[in-house]
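Input: a single structure, listed below in structure tokens.
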There are 2 protein chains.
Amino acid sequence: MKDNNEMPGHLARRFQQIAVAVFHSQAEAAGYDLTPVQYAALAAISANPGLDQVTLAGMIAYDRTTIGGVVDRLVQKGLLERTASVKDRRARALRITEEGRQTLTGITPAVEAAQRLMIQGLSDDEANELMRLLRKAIAAGNELSRAPLREADAKGGQAKAGR
Amino acid sequence: MKDNNEMPGHLARRFQQIAVAVFHSQAEAAGYDLTPVQYAALAAISANPGLDQVTLAGMIAYDRTTIGGVVDRLVQKGLLERTASVKDRRARALRITEEGRQTLTGITPAVEAAQRLMIQGLSDDEANELMRLLRKAIAAGNELSRAPLREADAKGGQAKAGR
DNA sequence: TGCTGATCATCAGTATACTGTCAATATGTC
DNA sequence: GACATATTGACAGTATACTGATGATCAGCA
């Protein structure tokens, strides 16, 4: 049996586990109660007002079922607004609220601190190399997960699913 | 706002997401219904018969609450045996069953294939470097998560929790 | 021996993540 | 314009993961 430390899968899980823990502790220390997903969703919607859920899911590479619950909780917290889309009655247009915008602005330093903390053991060069290798591995495996990253073009159309 | 691709936390989640998807598809293709955690737990118990749950959690760096559910499901599937420990009546001694051993043997090629697949975009050198950097970052952040890795010494004693 | 603090397993509660399915609605084609 | 097909959002179900609490038990010590 191979050592766990030789298994990319095990290392991936451990690193992500630490990343999430660091995110939580930094966010909490700054006085916010946002999870990593919630932050990513909020930031994406802030940058793309009127987004629908499927496009949002594609932009941050989450499953659309998962995003439903995430958006629910953000709406409940008053950070997001979900209204029926005018152009497509199946879709819901997502918009950030004023409170959401304040939260996003306020939490950003904590998020950036967390990103630095989770690679505190690496030099700058090593951190850059780690990110390069992760990006490369992810690009090669993008289509292997149910929630691949989708480039959203400006007009809201999505790339066809290549499943 | 920084690009997601510059955020170690985002990359970590994406990579792990792909890793889990690859594990599942390989395991399923081989005819097994085991999750990554379940596999890790089964392998650890196979190598250390009579393990209790807390020590197991420390060995594979999972939260002890999570491990409870994982062990439950493995017992239900008939792959594990959970008996009261003789030496410590609080603890449960975990042992792999014959069926569990067969499952472990049978699934191992699929697990190894999955480990290769999730880094298919990298050269051997790059894969080794990625694993080295992940190990380094993890070592520096080990104590930051609720479920740090604990070296179990041979006699079943654990390192003292440093919380 | 009796007490105190630590440890093991479990429970309740919350939030991801995924598979699979379904109703409502769009869209492309004839 | 009717229809086959695809898409959006939702739901049910399963499995991680975590926080915080509790009961049972153990180990060290007065």
Side-chain angles (χ1 to χ4, degrees), chain A residues 13-14 16-25 28 33-41 51-58 60-74 76-77 82 84-85 87-94 144-147 150 156-158 160-161 163, chain B residues 13-14 16-25 28 33-41 51-58 60-74 76-77 82-85 87-94 144-147 150 156-161 163:
Chain A
R13 187 187 59 79
R14 287 285 291 132
Q16 211 250 332
Q17 182 182 45
I18 290 167
V20 170
V22 167
F23 187 102
H24 272 125
S25 72
E28 193 184 337
D33 180 30
L34 271 196
T35 66
V37 208
Q38 289 171 11
Y39 168 78
L51 217 55
D52 68 291
Q53 293 184 188
V54 167
T55 310
L56 168 62
I60 55 180
Y62 277 88
D63 188 88
R64 75 186 194 290
T65 304
T66 301
I67 283 296
V70 172
V71 168
D72 271 349
R73 285 180 281 275
L74 287 171
Q76 243 172 10
K77 289 183 187 177
R82 173 158 49 178
S85 166
K87 307 191 293 196
D88 186 338
R89 271 188 298 167
R90 292 169 306 180
R92 311 305 177 80
L94 303 173
L144 300 178
S145 83
R146 167 159 154 169
R150 297 274 173 235
Q158 295 94 53
K160 295 294 171 291
R163 231 205 123 104
Chain B
R13 187 186 59 79
R14 287 284 292 131
Q16 211 250 331
Q17 183 182 44
I18 290 167
V20 171
V22 167
F23 187 101
H24 272 124
S25 72
E28 194 183 336
D33 180 31
L34 270 197
T35 66
V37 208
Q38 289 171 10
Y39 168 78
L51 217 55
D52 68 291
Q53 292 184 190
V54 166
T55 310
L56 167 62
I60 56 180
Y62 277 88
D63 188 88
R64 74 188 188 291
T65 305
T66 301
I67 284 296
V70 172
V71 168
D72 271 351
R73 286 180 280 276
L74 287 171
Q76 243 172 10
K77 289 182 187 176
R82 173 159 48 179
T83 56
S85 167
K87 308 191 293 196
D88 185 341
R89 270 189 298 167
R90 291 169 306 181
R92 311 304 177 84
L94 304 173
L144 299 178
S145 82
R146 167 159 156 172
R150 299 272 174 236
Q158 295 95 56
K160 294 294 170 293
R163 237 198 118 99

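Numbers restart at 1 for each chain; the letters A, B, ... are given by sequence-line order, proteins then strands. Both backbone and side-chain heavy atoms feed into the values below; hydrogens, waters and symmetry mates do not. Treat the numbers as computed from the prediction; the structure is a model and nothing was measured.
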Under the side-chain contact (heavy atoms from CB on, under 4.5 Å) rule, what do A/Asp52 and A/Leu56 come out as? Steps first, then yes or no, please.
CA-CA 6 Å; A/Asp52 68 291; A/Leu56 168 62; over 6 Å; no
Could you tell me how far apart B/Gln38 (CD) and D/dT14 (P) are, to the nearest whole angstrom?
14 Å
Where the side chain of B/Tyr62 is defined as all heavy atoms beyond and including C-beta, which of C/dT21, D/dT16, D/dA17 is the nearest nucleotide?
D/dA17
Atom CG of B/Leu51 and atom CZ of B/Arg92: how far apart are they, to the nearest 0.5 Å?
14.5 Å
Using the side-chain heavy atoms of B/Gln53, tell me which of these nucleotides is nearest: C/dC18, C/dC8, C/dT10.
C/dT10
Can you give me the N/O atom pairs linking the protein to nucleotides 24-27 of chain D at distances under 3.5 Å, or say none if there are none?
| unit_1 | atom_1 | unit_2 | atom_2 | d |
| --- | --- | --- | --- | --- |
| D/dT25 | O2 | B/Arg90 | NH1 | 3.4 |
| D/dC26 | OP1 | B/Arg89 | N | 2.9 |

Winner on side-chain proximity to B/Val37, out of D/dA17, C/dA17, C/dC8, is D/dA17
Under 4.0 angstrom, heavy atoms only, what part of the nucleic acid is B/Val70 near: base, sugar-phosphate, or nothing?
sugar-phosphate
Interatomic distance where CG belongs to A/Leu51 and C1' belongs to D/dG9 [whole Å]
14 Å
Side chain of B/Gln17 only, heavy atoms from C-beta on: which candidate in D/dC18, D/dT8, C/dA17 is closest?
C/dA17
Rounded to whole Å, please give me the gap between CG in B/Leu56 and C1' in C/dT7.
16 Å
Quick one: on DNA chain C, does A/Asp33 or B/Glu28 contact a more 5' nucleotide (nearest heavy atom)?
A/Asp33
Checking contacts here: which listed nucleotide (D/dA17, D/dG9, C/dG20) is nearest the side-chain heavy atoms of A/Thr65?
C/dG20
Sequence neighbours excluded, which residues qualify as side chain to side chain contact (heavy atoms under 4.5 Å, CB included) partners of B/Asp72?
B/Arg82
With sequence neighbours left out, the residues meeting side chain to side chain contact (heavy atoms under 4.5 Å, CB included) with B/Ala57 are B/Arg64, B/Ile67
Between P of C/dA9 and CZ of B/Arg82, the distance in whole Å:
9 Å
Side chain of B/Thr35, heavy atoms from C-beta onward: which of C/dA17, D/dG9, D/dT16 has the nearest atom to it?
D/dT16
Test side chain to side chain contact (heavy atoms under 4.5 Å, CB included) applied to A/Ala61 - qualifying residues, sequence neighbours left out
A/Leu149, B/Arg13, B/Arg14, B/Gln17
Side chain to side chain contact (heavy atoms under 4.5 Å, CB included) involving A/Asp88 - partner list, sequence neighbours excluded
A/Ser85, A/Arg90, A/Ala91
I want to check one thing: is the phosphate of C/dT7, taken as OP1 and OP2, less than 4.0 Å away from some side-chain N or O of B/Arg64?
no
Whole-Å distance between C/dG20 P and A/Asp63 CG?
12 Å
When you measure from the side chain of B/Lys77 to the backbone of B/Leu34, do you find a donor-acceptor pair of N or O atoms at a distance under 3.5 Å?
no
In whole angstrom, what separates B/His24's NE2 from D/dT14's P?
14 Å
